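Below: the structure, in C-alpha cells.
Note that the structure is a prediction, hence the values are computed from the model and not measured. Chain letters run A, B, ... following the sequence lines, proteins first and then strands; every chain starts at 1.
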Amino acid sequence: MSKAILLDFTKCIGCRACEKACAEEHRLPDDPPTDKLNYKNYTVVLQRGNQYFRKMCMHCQTPVCVSVCPVAALEKTSDGPVIYYPDKCMGCRYCMMACPFQIPKYEWEKPVPVIRKCIMCNKRVAEGLETACAWVCPTAATRFGDREKLIQIAERRFATFPGKYVEYLYGKNEVGGTSVIMLSGIPFEEMGFRMDLGTTALPELTWTVMSKIPNVVMTGGILLGGISWIIHRRMQIDQEAHSHDKDHGNGKGGGK
Amino acid sequence: MNAVLTAVRHEIDGMNWKRKAAWVVVIFLLLQGLFLTGKRFIFGLGAVTNLTDEFPWGMWISFDVVGGVALAAGGFTLCFLVYVIGYHKFHDIVRPTVLTAFLGYVLVAVGLLYDLGKYYNVWHPMIMWNPHSVMFEVAWCVMLYLTVLFLEFVPVVLEKFKLVKPLKTLQKFTIPLVIAGVLLSTLHQSSLGSVFLIVPEKLHPLWYTPILPLLFFLSAVVVGPAMVIVESELSARVFRRGLELNILSELAKYLQVALFVYVGLKIQDFFVRKVVDQVFTMHYESLFMLLELGLLVGAMVILAFPKMRTNSRGLFWAGSLVVIGILLNRFNVSWIGMQRGSGATYMPALSEIGVSLFLVTAGALVFYFVCRFFPIFPAISEEDTERIESLKSRKEKRLSAQVVK
Ligand code: SF4
Ligand code: SF4
Ligand code: SF4
C-alpha cells in the first residue's frame, strides 16, 4: 500500500524540528533557517498570519517530474516516495521546469550540479519506519501512514472540528492526487499553494501525443516512401517517353 | 606553415575595410566566447547565467535549442520538396541548405552541452530510457537526425576527394535517408512544442494550446524556406556570387502558402480556445503576441506583391520578417509566456548572450570555410553567368542612376 504524509497545519507550532531532523537524516548543511526551499534544504517551515505551514515535495501519485525526465533519473517507488538518482541525471532541468509545485532545486553555484528535493526518506520508509520529519514532530502535525487511511482521518476531522478547517483536503485530487496531503485553517492560496492545478495527472497531456509517435513514424514512412516512388516512377516513364530531350537536372534522384 | 601565412597575408591585403572590420568583430566574438566557455565550465551555470530555481530555462534553451532547431528546418523542407516529391527546381540550393541544417544541429547539440548541468551524461538517453518523456524523444531525434544530416552531407566531401565508389553507394541511399530525415524532423520539430504541453499552469493561455506540437511543426515548415532565402542572400553578398533569383522566387510562392496555413491555424486556434479578447488586452503577453503575428503578416503583405516576390530586396525583407517572427514565437513560448505563471522574471545575463553569439559566429565561420573549400554552391553554368552579368549591369545602372540623382 502506498504511504503518504498528512500535514495538519492547524497543529503546527513552528518549532522547526522537522527541518532539523530532515537535515540530520540527509546530511544537509546546518544553515540558519530560510523562508525558501533551496538546494540546501528539503523542507521549510513558514508562517502566514498565525498559522505555520510546511513546504516540501508533494510526491505526486503520477509525478510530472518522473514523466518528463529523459533519463529516468527520478522514480516513483511503490512505497510512495519520488526518489532521485544523481548519477543518471544529465542536468537538463526539465523536472524543475515542469513540476507544478516548483519543488526541485538546483545547485547553481557548483560546476557539476545535481537536483535537490525531499525524497520522503525512502530508505527509512523501505525499512518500515516513518519519515524523519513525521517521527520527530511533537504535535503530530506531520503524520506518516497509508494514504487511504490518512485521507479518512483527515476527512473525519472536518466533521469533528467544524469551523476549524477550510474544508478542503489539498492533495487528495490535485494533479491526480499527491502523497502529501494537507489540512489548513486558512485558504491554501494565502500560503501560495495553487488551487488552479486541476485534477488530471499532467503527464497524460504529453502522453496522448507521445503515444502516437510509433504510428506517425509508420504511416509517415510508408506514405513518404510511396509518394516518392510513384513520382519518381512517373518521371522515369516520362523520361523514357521523351528519350533524351529532357534536361539532365532531373537525373539525380531518378530512382535507378 | 609559411605558405599558409602568405596565403593569409594575401587574403587580408585583398580585403576592403568593410571586410576587415567584419573580421575584427568575428575575432572579438570568438575570444569573448572562449573566455565565457572557460568560466561556464569551471565555475558552473550560476557564474554566467541569470537562471534561478523559479526560472530554470533561459536564453540558451530559447535561442540555441528551441530557436536553433526551427531555423535549421530548411534542410528537411527542401529535401522533401526535391527528393520526395521530385521538385527538382530547388536542387541547386539543397547543398547549402543541408550544410546549414547540419551545422545548425551541431550548434544545437553544442549549445545543449553548455546548458546541461552534467554535460558529460549527455549520452545517457541512449541507455536510460523513459519513453514518457518528450525530452527523451527530443534527445533521440537530435542524435539520429544529426547522423542523417551527416550522411546527407558526406557526398560533398567524397566528391571533393573524388572517392567515386563510396559516393555511388551512398547516393543509392539518398531517398531513404531523406525520408528518414523528414520523419525525424517532423517528430523533432513538433516535439519541441510538446515539451511545453506539460506546463498548462505556467505557460500563458495565448500560447498554451493542445495543438502546440502541430503549430511548432507548421511554423518550422514556414521558417525553413524563409531561412533559405535569407541565407542565400547573405551568402551571395559574402561570396560575391550571383543569386539564384528565379529559384528563390519560386520558393517564396511556397512560403506564401505555408504562411497562410500557419497564421490561419493560429488565428483559428484563438477562436476555438476563446482567447481572442486576450490577444488585444495590450498587456505584456498580448503585445508580444501581436508583434509575433505582425511580423508574419508583414511578410505576407510583402509577398502578396508579385513585384516584391521577384526582387532580391523584397525577398530578403519578407524572409527576414518570417525568420524573426518565428524566432520570436519560440522566445514567447519558452520565455515571455512562461514568466507570469512561474512567478519570476528573467533577463539573460550579458554572458548568456555572449555565449549564444559565440556559437552562432563559430557556426557561420565553419559554414564560410566549408563553402570556400568544398563544392557547396552550384558550379556556375553559362546561363548563370549571364544572369549574374545582367544582375551586375542592373546594379551598376542603379548605382549610376543614384549618382545622377
Ligand atoms: S511535487 Fe514536483 S517534484 Fe514532487 S513529485 Fe510532484 S512533480 Fe515531482
Ligand atoms: S535535471 Fe536531471 S532529474 Fe531533472 S529532468 Fe533533467 S535529467 Fe531528469
Ligand atoms: S520526508 Fe524525509 S526528506 Fe522529506 S522533508 Fe521529511 S524528513 Fe526531509
Side-chain angles (χ1 to χ4, degrees), chain A residues 36-39 64 66-73 86-94 96-98 100 102 104-115 194 196-198 202-203 205-210 213 216-217 220-221 224-225 227-229 231-232 234-235 249-250 252-253 255, chain B residues 41-47 49 51-54 56-57 80 82-86 88 91 112 115-119 121-122 124-125 128-139 171 174-176 178-180 182-183 186-187 190-191 194-195 197-202 210 213 338 342-343:
Chain A
K36 243 181 150 183
L37 280 179
N38 60 37
Y39 69 88
V64 178
V66 171
S67 97
V68 299
C69 177
V71 292
D87 292 339
K88 287 187 176 180
C89 174
M90 56 180 200
C92 67
R93 308 188 295 286
Y94 196 13
M96 307 177 67
M97 233 281 293
Q102 294 185 292
K105 303 296 174 209
Y106 208 51
E107 301 179 308
W108 295 105
E109 276 108 76
K110 299 207 180 154
V112 180
V114 294
I115 294 286
R194 296 183 70 152
D196 59 349
L197 294 177
L202 297 173
L205 293 174
T206 41
W207 186 240
T208 45
V209 179
M210 295 287 296
I213 288 173
V216 171
V217 174
L224 289 181
I227 294 175
S228 124
W229 186 80
I231 289 179
H232 285 102
R234 215 188 267 156
M235 274 190 202
N250 282 355
K252 254 243 156 97
Chain B
F41 286 104
I42 295 169
F43 298 107
L45 285 164
T49 69
L51 297 174
T52 57
D53 283 335
E54 289 73 39
W57 283 3
F80 172 76
V82 173
Y83 292 112
V84 179
I85 59 174
H88 285 287
H91 193 272
L112 211 54
D115 194 74
L116 290 181
K118 292 184 150 202
Y119 40 87
N121 281 347
V122 66
H124 272 184
M128 301 170 187
W129 285 32
N130 178 12
H132 277 264
S133 165
V134 183
M135 192 65 85
F136 174 76
E137 187 200 343
V138 171
Q171 265 168 357
T174 309
I175 303 270
V178 165
I179 290 181
V182 171
L183 283 175
T186 308
L187 288 182
S190 57
S191 64
S194 318
V195 161
L197 281 181
I198 200 95
V199 287
E201 79 286 356
K202 289 186 191 144
M338 288 289 293
S342 318

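The two residues B:Gly117 and A:Pro113 have their closest heavy-atom pair at O-CD, 3.5 Å. The shortest heavy-atom contact between A:Ser67 and B:Asn130 is O-ND2, 3.3 Å. Between B:Ser342 and A:Gln102, the shortest heavy-atom distance links the atoms O-NE2, 3.3 Å.
Within the 4.5 Å cutoff, the side chain of A:Arg93 has heavy atoms near those of the B:Asp115 side chain. Contact of the B:Ser133 side chain with the A:Pro70 side chain is registered, since non-hydrogen atoms from C-beta on lie closer than 4.5 Å. Annotation: side chain of A:Val71 is not in contact with side chain of B:Met135 (no heavy-atom distance under 4.5 Å).
Contact count versus chain A (heavy atoms, under 4.5 Å) is highest, among B:Ile85, B:Thr174, B:Val178, for B:Ile85. Heavy-atom pairs under 4.5 Å with chain A were tallied for B:Leu51, B:Leu187, B:Val199; the largest tally goes to B:Leu51. Heavy-atom pairs under 4.5 Å with chain B peak, among A:Ala98, A:Gly198, A:Pro86, A:Pro104, at A:Ala98. Between chain B and the options A:Ile115, A:Ile227, A:Leu197, A:Thr208, heavy-atom pairs under 4.5 Å are most frequent for A:Ile227. Highest contact tally toward chain A, considering only B:Val195, B:Val82, B:Val138, B:Val122, is held by B:Val195 [criterion: heavy-atom pairs under 4.5 Å]. Per-residue counts of heavy-atom pairs under 4.5 Å with chain A were compared for B:Pro131, B:Ala180, B:Ala47, B:Ser190; the largest is that of B:Pro131. The residue among A:Gly91, A:Pro203, A:Gly225 with the most heavy atom pairs within less than 4.5 Å of chain B is A:Gly91. Per-residue heavy-atom pair counts under 4.5 Å with chain B were compared for A:Met96, A:Met97, A:Lys36, A:Lys110, and the maximum is reached by A:Met97.
Contact annotation for A:Arg234: neither backbone nor side-chain heavy atoms come within less than 4.5 Å of a heavy atom of chain B. Only the side chain of A:Met210 comes within less than 4.5 Å of a heavy atom in chain B; its backbone stays farther off. With a 4.5 Å cut-off on non-hydrogen atoms, B:Thr52 touches chain A through its backbone but not through its side chain. Using a 4.5 Å cut-off between heavy atoms, A:Val209 touches chain B through its side chain atoms alone. Of the two parts of A:Val64, only the side chain, counted from C-beta on, holds a non-hydrogen atom closer than 4.5 Å to a non-hydrogen atom of chain B.
Distance alone, capped at 3.5 Å, places no donor-acceptor pair between the B:Asp53 side chain and the A:Lys105 backbone. B:His124 places a side-chain N or O within donor-acceptor distance of the main-chain N or O of A:Lys88, the cut-off being under 3.5 Å. B:Trp57 contributes a side-chain N or O that, together with a main-chain N or O of A:Cys92, makes up a donor-acceptor pair within less than 3.5 Å.
The side-chain contact (heavy atoms from CB on, under 4.5 Å) test applied to A:Leu224 returns B:Phe80, B:Val84, B:Ile179, B:Val182, B:Leu183, not counting sequence neighbours.
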Would B:Val134 and A:Tyr94 count as a side chain to side chain contact (heavy atoms under 4.5 Å, CB included) here? Give the steps. CA-CA 10 Å; B:Val134 183; A:Tyr94 196 13; 4.2 Å; yes
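Note: B:Glu201 CD to A:Asp196 CG = 8.0 Å, rounded to the nearest 0.5 Å. To the nearest 0.5 angstrom, B:Ile198 atom CD1 is 3.5 Å from A:Thr206 atom OG1.
Ring pair B:His88/A:His232 is perpendicular by interplanar angle, where above 60° counts as perpendicular and below 30° as parallel.
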